[in-house]
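Only one structure is covered here, and it is reproduced in the block below.
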Amino acid sequence: MAAVGLKAASSGIWKGGGASLQLVAAAASSHSRCSKASYCGEGSGTGEGRLGCGQQKAHQHQSAGHSQPPSSSVSGKAKRAAESGGHAAAAAAATTTHLGNQPSPIEGIDPKSYLWARYHEMKKLVYDLLPPGVCNLLNPAAIYANNEISLGDVEIYGFDYDYTLAQYSNLLHSMIFNKARDILIEQYKYPEGLRKYEYIPGFAIRGLHYDVHKSLLMKIDAFHYVQLGTAYQGLKPVPDEEVIEMYGGTQHIPLYQMSDFYGKDAIKDVHVKGMMYKWIEKDMEKYILHGDETYAVLNRLVNHNKKLFLITNSPFSFVDKGMKHMVGKNWRDLFDMVIVQADKPSFFTDRRKPFRKMDEKGSLHWDKISKLEKGKIYKQGNLFDFLRLTGWRGSKVLYFGDHLYSDLADLMLRHGWRTGAIVPELETEIRIINTEQYMHSLTWQQALTGLLERMQMYQDAESKQVLLEWMKERQEIRSLTKNLFNPQFGSIFRTFHNPTYFSRRLIRFSDLYMASISCLLNYDVNFTFYPRRTPLQHEAPLWMDQLCTGCMKTPFLEEMVHIR
């Protein structure tokens, strides 16, 4: 996947002036009740399409301890609903449901008609809440924060090389696949019939898990549950009931059952034997992307007196050719330190391997290293000696890498460095999120889920049938939104509703994440990233009251009381 292109710094994180999806979705599933709201005023200076707050008075009756809004509000809603939808809709509108109270149809209206009235009223409301301009809200070139971090406090920037400083085209993936397939046949004596298989670029996604004993490729959420409909043996989907049977009647995969089969196949040979390096060196224009942006990022940091270092598992000859292609023949002048063949992740945990100085011809000098000098090349080593020799510790260091475990986990957990994850897939996923189809589907799905939760107390036969129809529709919408990302596995960041296992690790091991390091060009070198406060489950019922920073002028806000 190509890295994002350079965008002007003025574009910021938000694009367009429509209502935010977060607000709409919160509105569509909120427990909160209110009779009326005064909208947030403009001019807060928080960015285009975002407004300040401090004028909300919608919940005064709730905070005062009243369980029901004023009767005039109820009658007003009933009148408006009657004008637009007849007696059944009027009855639904007149029923104001406060947290803890049970919704009940007005006398003379059967539960089935009441449920469908609520359904149609909510559907109209949800679509009214998505005005023109709401799509294209997110900027693919933005940097997203899991933790508060001020770049002004960062003095030293560190980088991995492959897929971080150097982004590669998808053409490389098919070559790796083909060579690994040939190795399996020719060296490991796999059946000759494997040659008929070609690389399928859009089949798999990042962050999947493979059970080598059961030959299952699958997507797992943050709680170790398999997302049903995302388990495959080869290219063949495995029915949900078979997956559950394989794991003893559960979708849950305990940690001890997760495969430790890492790096023991033909793909490793492609890297270890240097085949990938030769392909890239032979045609850098074909395989290396966005070299100009890499130069712009590094040069900008140096011009602001930041120190730079590089720690990579790749050999020096390969890195040197790539950096000369992207940055120029004097690329080493930008770096205070260059460490190659570092053997990450053991570089971060193993104290035994010493640094060795290397000359430009690749020959090693065996003298003991007592200091790390600017302009010199070092091989192997370990982070403990690195910290001792440089004194670069704690939050003044920010290190960027593409692999959550090999690059970032130990730095964050053991050594307190700040970390930035490079996730190229983020660009494509944001472009999908910005589509009208996704926006409308997800918002209605959220609203329908809230409706199901609220109306499930109706257990007569006809009501149960209505609820089953809603559940079927909800499942269809979930499948639709999944397929927008990838027909087999969906988004790399979410299962149907939970974060993926990959997302959980991304949040745990990175302060920042972005599609490419070029995203840094969109921010001042002293910019402070503030992660958005999102509700815990017990906070969610009050979240409509709390959306002060970034809240939007939203039409029909008063009518949102019907949603749950």
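No hydrogens, no waters, no symmetry mates; every other heavy atom, side chains included, goes into these values.
Looking at residues two or more places apart in sequence or on another chain, you find no ring pair (Phe, Tyr, Trp, His ring centres under 6.0 Å) involving Tyr378. With sequence neighbours excluded, the residues that form a salt bridge (charged side-chain N to carboxylate O under 4.0 Å, His left out) with Glu473 are Lys123. Partners of Phe386 under the ring pair (Phe, Tyr, Trp, His ring centres under 6.0 Å) rule, at least two apart in sequence or in another chain, are Phe309, Trp392. For Gln251, the side-chain hydrogen bond (donor to acceptor under 3.5 Å, both in side chains) test picks out no residue, with sequence neighbours left out. Remark: Asp410 engages Arg414 in a salt bridge (charged side-chain N to carboxylate O under 4.0 Å, His left out) (not counting sequence neighbours). The side-chain hydrogen bond (donor to acceptor under 3.5 Å, both in side chains) check on Gln341 picks up nothing, with sequence neighbours excluded. For Thr500, the side-chain hydrogen bond (donor to acceptor under 3.5 Å, both in side chains) test picks out Ser503, with sequence neighbours left out.
None of Glu429, Lys219, Lys482 except one satisfies the side-chain hydrogen bond (donor to acceptor under 3.5 Å, both in side chains) rule with Ser491; the exception is Glu429. With respect to Ile422, the side-chain contact (heavy atoms from CB on, under 4.5 Å) criterion is satisfied by exactly one of Ile517, Asp407, Leu512: Ile517.
The aromatic rings of His209 and Tyr501 sit perpendicular, their planes meeting at an angle over 60°, well past the 30° parallel limit. Between Phe509 and Tyr405, the ring planes lie perpendicular to each other; the angle is over 60°, past the 30° to 60° tilted range. In this structure, His224 and His252 have parallel ring planes: the angle between them is below the 30° cut-off, well short of the 60° mark. Classified by interplanar angle (parallel below 30°, tilted 30° to 60°, perpendicular above 60°), the ring pair Phe159/Tyr157 is parallel.
Contact between Ala342 and Ile311 at its shortest, heavy atoms only, is CB-CG2, 3.7 Å. Residues Glu281 and Phe318 come closest through the heavy atom pair OE2-CA, 3.3 Å. Between Phe493 and Leu426, the closest heavy-atom pair is CZ-CD1, 3.7 Å. Counting all heavy atoms, side chain and backbone alike, Asn522 lies closest to Ala141 at ND2-O, 2.9 Å. Between Met122 and Leu448, the shortest heavy-atom contact is SD-N, 4.4 Å. Closest non-hydrogen pair, Ile288 versus Gly322, comes out as CD1-CA, 4.2 Å.
The list of salt bridge (charged side-chain N to carboxylate O under 4.0 Å, His left out) pairs with a residue in residues 491-501, not counting sequence neighbours, is empty. Sorted by first and then second residue, the salt bridge (charged side-chain N to carboxylate O under 4.0 Å, His left out) pairs involving residues 282-292 (not counting sequence neighbours) form an empty list. Within the structure, the salt bridge (charged side-chain N to carboxylate O under 4.0 Å, His left out) test picks out the following pairs touching residues 149-170 (sequence neighbours left out): Asp160-Lys344. Here salt bridge (charged side-chain N to carboxylate O under 4.0 Å, His left out) pairs that include residues 323-337, with residues two or more places apart or in two chains, are Asp320-Lys324, Arg332-Glu360.
Atom CD1 of Ile433 is separated from atom OG1 of Thr481 by 11.0 Å, given to the nearest 0.5 angstrom. Atom CG in Leu398 sits 4.0 Å away from atom CZ in Phe400 (nearest 0.5 Å). Note that CD1 of Ile430 and CD of Glu425 are 12.0 Å apart. Values are rounded to the nearest 0.5 Å. Going from atom CG of Asn147 over to atom OG of Ser510 covers 9.5 Å, rounded to the nearest 0.5 Å. Distance check, rounded to the nearest 0.5 Å: CD1 of Ile220 to CZ of Arg504 gives 11.5 Å. To the nearest 0.5 Å, atoms CZ (Arg505) and CG (Leu408) are separated by 13.0 Å.
With hydrogens and angles disregarded, no donor-acceptor distance shorter than 3.5 Å links the side chain of Lys374 to the backbone of Met337. Thr294 contributes a side-chain N or O that, together with a main-chain N or O of Leu165, makes up a donor-acceptor pair within less than 3.5 Å. A distance-only check finds no donor-acceptor pair linking the side chain of Asp343 to the backbone of Phe347 [under 3.5 Å]. Under the 3.5 Å distance criterion, the side-chain polar atoms of Ser406 are left unmatched by any main-chain donor or acceptor of His403. Without hydrogens or angle criteria, Thr435 side chain to Ile432 main chain gives a donor-acceptor distance under 3.5 Å.
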**Message:** Using side-chain contact (heavy atoms from CB on, under 4.5 Å), reason through Lys321 and His325 one step at a time and then give a plain yes or no.
**Reply:** CA-CA 6 Å; Lys321 291 173 184 176; His325 172 76; over 6 Å; no
**Item:** Residue pair Leu151, Thr528: steps toward the side-chain contact (heavy atoms from CB on, under 4.5 Å) verdict
**Value:** CA-CA 6 Å; Leu151 296 184; Thr528 299; over 6 Å; no
**Prompt:** Stepwise, does the side-chain contact (heavy atoms from CB on, under 4.5 Å) test hold for His290 with Ser518?
**Reply:** CA-CA 9 Å; His290 310 299; Ser518 66; over 6 Å; no
**Request:** Apply the test side-chain contact (heavy atoms from CB on, under 4.5 Å) to residues Leu334 and Met323: give CA-CA distance (whole Å), side-chain angles for both, the deciding distance (0.1 Å), then the verdict.
**Result:** CA-CA 11 Å; Leu334 298 173; Met323 290 298 288; over 6 Å; no
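At a cut-off of 3.5 Å, with distance as the only test, no side-chain donor of Thr495 or Asn498 sits close to an acceptor on the other residue.
Side-chain contact between Asn313 and Tyr161 is absent, with no heavy atoms from C-beta onward closer than 4.5 Å. Counting heavy atoms from C-beta outward, Asp511 and Asn146 have side chains that stay 4.5 Å or more apart. By the 4.5 Å heavy-atom criterion applied to side chains, Arg431 and Pro140 are counted as neighbours. When side chains are defined from C-beta on, Glu148 does not count as touching Phe529, because their heavy atoms never get closer than 4.5 Å. Inter-residue side-chain proximity for Tyr168 and Ile280 is flagged as met; some heavy-atom pair is nearer than 4.5 Å. Within the 4.5 Å cutoff, the side chain of Leu411 has heavy atoms near those of the Leu383 side chain. Taking 4.5 Å as the limit, every side-chain heavy atom of Tyr144 sits out of range of all side-chain heavy atoms of Met514. When side chains are defined from C-beta on, Lys396 does not count as touching Trp417, because their heavy atoms never get closer than 4.5 Å.
Proximity of the aromatic rings of Phe489 and Tyr232 is defined here by a centroid distance below 6.0 angstrom, and this criterion is met.
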If you look only at distance, which donor and acceptor atoms sit under 3.5 Å apart when one is on a side chain in residues 300-308 and the other is two or more places apart or in another chain?
from, atom 1, to, atom 2, distance (Å)
Arg300, NH1, Leu520, O, 3.1
Arg300, NH1, Tyr523, O, 3.0
Arg300, NH2, Tyr523, O, 2.7
Asn303, ND2, Asn299, O, 3.2
His304, ND1, Arg300, O, 2.9
Lys306, NZ, Val154, O, 2.8

